[in-house]
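One structure below.
Residue numbers start at 1 and run along the sequence shown. None of the values given here were measured: they were computed from a predicted structure. Both ligands and their constituent atoms are indexed starting at 1 by order of listing.
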Amino acid sequence: MGSAKWHAIMISLPHQGHINPFVHLALKLASKGFTVTFVHLESVHYKLGREADPFSEARRSGLDIRYATIGDGLPLEFDRDLHFEEHWRVMMRDFPARVDEFVGKAMRSDPDWEYLLVTDTFYPWPAVVAPKYNLVNVSFWTQTALTFALPYHWHLLQLNGHFPCKDKMEEEIDYIPGVESINTKDVMSYLKESGVSSIVTKAMAAAFDAVKSADFILHNTMHELEPQTLSALHKYQPNYAVGPLNFSKNLHHSAVSNSLWSEADCTDWLRSKPPASVLYVSFGSFIHTTKQVMEELAHGLLLSGVDFVWVIRPGILSSGDADALPEGFGDEIKGKGLVVPWCNQIRVLSNPAVGGFLTHCGWNSTLESMWCGVPMICYPIAYDQTANRKLVIEKWKFGVNLCDGERLDRAEIAEKIKGFMSGASLEKLRQEATKLKAAMEKALEFDGSSERNFDRFVEDLKAKIVDVKSRVAREIR
Ligand code: UDX
């Protein structure tokens with residue numbers, strides 16, 4: 001065992017919300033003595049652009065992380081964000097063969113390594129590629145255990161008439177092991193009638209079929225946040241809550257450049273603002289919205305009188321229109337608001353001037369908000385975000401809802417934001433967020449739950465690699 005050379009081939013989804021936890025998982029595995037080959041899509045590499053190899057600094061710090069890219073078959077200039085469905089159709093069709101070829105080539109180039117595959121649970125092909133090459137198959141789920149448990153029990157949803165969930169109907173789903181109850185209105189958009197024809201539903205159905213053959217499943221959550229759900233999942237397959245990986249101790253997190261857009265610095269602007277007075281507004285890296293939503297939000301923010309930093313990512317409008325804000329908005333906000341295309345979110349959230357986060361409830365944003373002890377005002381748009389909101393508001397109690405229906409109204413937004421940012425209510429939410437932050441810090445200590453789970457995973461993984469190796473040797477004889 002002492003001379004074993006473990007080599008993890010890691011393939012993330014090509015989206016910021018997946019790349020971030022994957023990069024930190026790579027650092028973590030490398031810090032435990034694994035060699036890692038981290039694979040990005042060529043289009044991601046092109047967007048990262050600023051540095052040839054995003055892991056060069058990590059390597060200089062002594063970690064053996066190598067870097068490679070695979071094409072998805074589409075031209076680099078193709079706008080994958082805007083044409084998401086088409087991109088995913090190509091990914092489902094062509095990417096598996098490309099990965100297969102890549103893995104085969106890597107293994108032939110150095111047959112002495114003991115290889116394993118670490119991939120995003122969204123990918124269905126590891127179920128085919130891993131057994132073909134006798135690789136231990138590690139599946140990494142970058143979201144909540146709740147949003148894993150629902151599609152994991154897809155057949156139960158079907159049996160109970162909840163796949164697809166009717167859009168207008170509200171029913172409690174109370175038969176998923178480890179999930180007390182979730183209303184159909186809160187389930188992920190790809191399980192709902194209106195989302196069911198999307199490529200995401202097809203991809204998820206295939207992925208959750210495939211994940212049943214994974215040897216290990218890692219979750220970027222922590223046990224304390226979702227104990228029942230995680231324990232229930234563990235009865236079916238080895239599941240380990242090892243998150244939040246971005247804040248894992250003793251890792252040189254800034255050693256990897258993984259931001260797909262360049263970051264504007266908000267520090268100077270925030271410096272002049274009183275503590276906890278600024279609302280940070282961002283809808284993540286991925287989701288699109290309409291001009292009408294942006295206009296109502298813009299006016300709502302202005303009417304609220306609250307100072308804000310608003311990230312408006314290039315390409316946020318589903319129409320492809322570059323102009324997301326009402327005319328003259330820039331002049332109207334004067335010193336009250338700062339609009340940037342992208343920023344270092346954790347740095348902004350941890351600035352003392354920031355008191356709240358108006359967010360789409362992406363899982364990384366939720367974890368980062370908790371980590372910084374910042375209460376959330378929730379405006380989920382799609383995918384797992386409605387389920388995350390439910391957890392934030394009902395279970396962890398450090399957030400409020402922006403609006404009840406889907407329709408946004410500027411006067412209502414202004415009232416909500418004013419109420420949220422003012423004194424007593426914000427203080428109460430902040431106390432809850434601070435408790436969660438403390439629990440997170442504890443989970444990441446060397447004897448904390450996430451750290452212990454990671455160590456247990458590494459031990460189990462090494463034993464499994466030995467098992468697979470012996471089985472293959474027996475089969476050859
Ligand atoms: C989406 C889903 O909604 C999310 O729940 C899922 O886990 C991944 O896919 P996304 O919309 O990108 O993700 O949201 P989120 O998970 O919050 O990730 C966004 C990431 O981008 C965060 O890590 C955040 O720090 C980063 N970010 C965002 C920046 O670095 N700068 C910004 O200006 C905005």
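In this structure, Ile346 falls outside the shell of residues with a heavy atom less than 4.0 angstrom from ligand 1. For the pair His15 and ligand 1, no heavy-atom separation below 4.0 Å is found. Residue contact check for ligand 1: His360 places a non-hydrogen atom closer than 4.0 Å to it.
Considering backbone and side-chain N/O atoms, Ser282 never comes within less than 3.5 Å of an N/O atom of ligand 1. Residue Trp363 has at least one N or O atom closer than 3.5 Å to an N or O atom of ligand 1. Between Glu368 and ligand 1, at least one N/O pair is under 3.5 Å apart. The shortest N or O to N or O distance between Asn364 and ligand 1 is below 3.5 Å. The shortest N or O to N or O distance between Tyr383 and ligand 1 is not below 3.5 Å.
Nearest protein heavy-atom neighbour of atom 9 (O) of ligand 1: His18 NE2, 3.7 Å. Protein heavy atom closest to atom 29 (C) of ligand 1, with residue, atom name and distance, is Trp342 CZ2, 3.2 Å. When only non-hydrogen protein atoms are considered, atom 13 (O) of ligand 1 lies nearest to Gly17 CA, 4.2 Å. The protein heavy atom nearest to atom 20 (C) of ligand 1 is Asn20 ND2, 3.8 Å. The shortest contact between atom 1 (C) of ligand 1 and any protein heavy atom is with Phe286 CD2, 4.2 Å.
Look at Arg347 and Asp265 and you find no salt bridge, because none of the NZ, NE, NH1 or NH2 atoms lies under 4.0 Å from a carboxylate O. In summary, Glu451 and Lys249 do not engage in a salt bridge, as defined by a charged side-chain N under 4.0 Å from a carboxylate O. A salt bridge between Lys192 and Asp186 is absent, with no side-chain N of the basic residue lying under 4.0 Å from a carboxylate O of the acidic one. Ionic pairing of Glu441 and Lys437 is present here: one or more N-O contacts between side-chain nitrogen and carboxylate oxygen are shorter than 4.0 angstrom. Using a 4.0 Å cut-off between charged nitrogen and carboxylate oxygen, Glu432 and Lys435 count as a salt-bridge pair.
Using modelled atom types, one side-chain atom of His234 and one backbone atom of Asn239 make a donor-acceptor pair closer than 3.5 Å. No donor-acceptor pair under 3.5 Å is formed between the side chain of Arg313 and the backbone N or O of Ser282.
Under the 4.5 Å side-chain criterion, counting only non-hydrogen atoms from C-beta, Val242 is not in contact with Met222.
Distances below 4.0 Å separate heavy atoms of Ser365 from the following atoms of ligand 1: 15 (P), 17 (O). Within the listing of ligand 1, atoms 21 (O) sit less than 4.0 angstrom from a heavy atom of Gln16. Annotation for ligand 1: atoms under 4.0 Å from non-hydrogen atoms of Gln143 are 6 (C), 7 (O). Atoms of ligand 1 lying under 4.0 Å from any heavy atom of Ser285, numbered from 1 in the order shown and given with element: 10 (P), 11 (O), 12 (O).
For residues 67-78, the pairs satisfying side chain to side chain donor-acceptor pair (under 3.5 Å) are His45-Tyr67, Asp72-Arg80, Asp72-His87, with sequence neighbours left out.
Counting only non-hydrogen atoms, the option in Pro341, Cys343, Gly284, Ala264 that gets closest to atom 32 (C) of ligand 1 is Cys343.
Using a 30° and 60° split on the angle between ring planes, Tyr236 and His153 fall in the perpendicular class, above 60°. Ring geometry, Trp396 versus Trp363: the interplanar angle falls from 30° to 60°, so the pair is classed tilted. By the 30° and 60° cut-offs, the orientation of the rings of His15 relative to Phe84 is tilted.
Contacts between Gln385 and ligand 1, counted as non-hydrogen atom pairs separated by less than 4.0 Å, involve the side chain only. Contacts between Asp384 and ligand 1, counted as non-hydrogen atom pairs separated by less than 4.0 Å, involve the side chain only.
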